[in-house]
Amino acid sequence: MPEKFYITTAIDYPNNKPHIGHAFEKIGADVQARFRRLRGQPVYFLIGNDENTVKVSKRAKELGLDPKTYVDQMAEVFKTAWRELNISNDDFIQTSEERHWKGCQKFIQIVYDRGYIYKKAYQGLYCEGCEAFKTQRDLVDGRCAQHPNQELQVVEEENYFFALSRFRDRLLALYRERPDFIAPETRKNEVVSLVESGLEDVSITRQNLDWGIPVPFDPSQRIYVWFDALLNYVTGVGYGTDEDKFRRWWPADMHVIGKDITRFHCALWPAMLMAAGIEIPRRVQVHGFVLLKGAKMSKSLGNVVDPMDLVTRFGADAFRYVLLRLCPFTGDGEFSFDQFITVYNADLANNLGNLYSRTVTMCLKYFGGHLENTKGLVANEVFDDLKLESFHEELTRRMVDCEYNLALGMIWQELLDRANRYIDRTRPFELAKTDRDRCRIVLANLAMALRTAAIYISPFMPTTAKTIYSAFNFSPDYSGIRWDDGGTVARTSNDLRVTAETEKGKVRPLFPRIQVEAQSA
RNA sequence: GGCGGCGUAGCUCAGUGGUUAGAGCAGCGGCUUCAUAAGCCGUGUGUCGGUGGUUCGAAUCCACCCGCCGCCA
């Protein structure tokens, strides 16, 4: 019985439209979600926006909108972007939704009742740039290290604090007992040393806010930032509003997050859940950043390339492929427009796309698309010198570990290159004149190799996979494909027949080659 | 400033103690024509950021330095 798989991404600040960094995370999580579905696991894939922030209400005021109108508009912008990228999320949570507010209030009340929240008069130095209080040891020459040009303000107010410091030993035990809780391992080491060095209690409410979730036991205060945002992972599956749904999906099997927010997900979040008596997630999967021409992609830098331009021009599949091939998901990677073109042409147009074109064309040209007497054929020639089982095993491990760039490398080098070499070796274009029976068998083998490739690439390029799969009358039909079918030698269940779309008698290219202009650095 | 990560061929990345450090792309030479001027074959003398150390042996462990990046609740 396959286990359910509940996967989330970080929720995004809706201050601007999504950039390539957001896209990287969503695509990586989407690949995992699609991969799990292909393995037969029931998947719930949650994404969303983080809306209960001071910045959001400020921005809304600037635009003359009330906050809810503003965040709803921005939610549409994000949803549209994810739809264009073919993100297969099952749900999109906005933290301004009632289900989230109810769940948050239930949660904070429980933690309060269990004695992990206390009130304290707090006097601190507040940095307006960071929108946060600074401790003495954060300061450099009496100023905020990030905003040395601004004066710090002395602010005093009564806030509620979460007793994070009481969870030090329990957290360390968690990391010890569940070594897979944080991946990759370097991130775990980071968190362990952070927690070992000691945790301070955190302020989790603010006074005098007009936007955000009221604290149920003290309506003059509102829940602040992380204690609200992290809870989307439970409220998104019904915590506080639909307990049956919550029981079905919780705990989360994978939280996909960026390395900048590791500590909140690996220390604060499990502590919060412990405080509320809720089960801890199975894994926090940390990804790196996409660096554009050496500079970090950032909302405040202003992006040179809008990723959506590439998506619109070359398609979601191409964008998804190139980004994940170029940038290792678990670490930082580099991306540029030139790199995009190079990888697109080499891997998609020349290698995969051309393999598809030449195979389909030969079937049409020599046999009118009908490969008779190919029913029941064990098509094992293309990968005959490959240990398909161990290949499948290793590829699957790469997928589970989110090493997508390496997984794609394996598919291209071990499968697609082999198929191209097979054509060169068997020369079906000569066989068409000398040995038509043999030619038919060769083409059937190629078709079945394309089927294997289509299965493996479908988490990455769902549209392309379907196009390839639909180019022949394979059985079972596309909706029934399973990841593990890739690892077994295929036997044809019908006489193969080309059903690919053609234009003026020619096969439509999967990925039209991008013509590069003369010279541009 | 404190803590942490990264720095491997022109480019993007593998490789974490053991023979002459690898792949793809780009480049160069040849073959081929089914195909999107695509494919196949051949071709890689890199101080593995620097210095010092541990070791019989280090890209791989330790220290310091330089550069880039993240966090500092």
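Reminder, nothing fancy here: chain letters follow the sequence lines and each chain counts from 1.
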Which part of the nucleic acid, if any, lies within reach of [X] when heavy atoms closer than 4.0 Å are counted: base, sugar-phosphate only, or nothing?
X: G333(A); answer: sugar-phosphate
X: S357(A); answer: base
X: K506(A); answer: sugar-phosphate
X: L355(A); answer: nothing
X: R425(A); answer: nothing

Practice task
Sort out for me which residue in T330(A), I257(A), T8(A) forms a side-chain contact (heavy atoms from CB on, under 4.5 Å) with Q285(A).
Solution key: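 Output: one option passes, namely T330(A).
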As a test of reading the structure: which of C13(B), U32(B), C40(B) is closest to the side chain of P328(A), going by heavy atoms?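 From the listed options, C13(B) comes nearest.
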Note to self: Nearest to the R358(A) side chain among A73(B), C34(B), G4(B), which nucleotide is it?
What the structure shows: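 Looking only at heavy atoms from C-beta outward on R358(A), the closest nucleotide is C34(B).
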message = Please compare T359(A) and D424(A) by the position of their nearest nucleotide in RNA chain B and report the one closer to 5'.
response =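 Nearer the 5' end of the strand: T359(A).
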Which residue, T186(A) or P428(A), contacts RNA chain B at a nucleotide closer to its 5' end, judged by nearest heavy atom?
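Upstream on the strand: T186(A).
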Using a distance-only criterion (donor-acceptor N/O pair, under 3.5 Å, no hydrogens), is the base of A35(B) paired with the side chain of N354(A)?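 Yes, the side chain and the base share a sub-3.5 Å donor-acceptor pair.
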Practice prompt. Give me the ring orientation class for Y233(A) and H255(A): parallel if the planes are under 30° apart, tilted from 30 to 60°, perpendicular past 60°.
Written response: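 Judged by the thresholds at 30° and 60°, the geometry between Y233(A) and H255(A) is tilted.
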[N] [atom2] sits how many Å from [X] [atom1], rounded?
X: D347(A); N: U12(B); atom1: CG; atom2: P; value: 16 Å
X: I261(A); N: G5(B); atom1: CD1; atom2: C1'; value: 17 Å
X: N420(A); N: G24(B); atom1: CG; atom2: P; value: 14 Å
X: E190(A); N: A73(B); atom1: CD; atom2: C1'; value: 15 Å
X: Y356(A); N: U36(B); atom1: OH; atom2: P; value: 12 Å

Tell me which nucleotide, if any, is Watson-Crick or G-U wobble paired with [N] when both distances must be under 3.5 Å.
N: A63(B); value: U51(B)
N: G10(B); value: C25(B)
N: G57(B); value: none
N: C71(B); value: G2(B)
N: U33(B); value: none
N: A38(B); value: none

Side-chain N or O of [X] closer than 4.0 Å to phosphate OP1/OP2 of [N]:
X: R421(A); N: C41(B); answer: yes
X: K259(A); N: G4(B); answer: no
X: N351(A); N: A38(B); answer: no
X: R513(A); N: A38(B); answer: yes

Checking side-chain polar atoms at under 3.5 Å, does N420(A) have a donor or acceptor matched by the opposite partner on R358(A)?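 Checked: N420(A)/R358(A) side chains pair up, N/O donor to acceptor below 3.5 Å.
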Checking N159(A) against Y224(A): is there a side-chain donor and acceptor pair closer than 3.5 Å?
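Absent: no donor and acceptor within the cut-off.
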What's the gap between C25(B) and G42(B) when it is taken at their P atoms, as a whole Å value?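 One P to the other, the span is 13 Å.
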Using a 6.0 Å cut-off, check whether atom CD of E185(A) has over 12 heavy atoms from anything other than its own residue.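 No, not enclosed.
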Any salt bridge between D12(A) and K26(A), counting N to O under 4.0 Å?
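Answer for the salt bridge query: yes.
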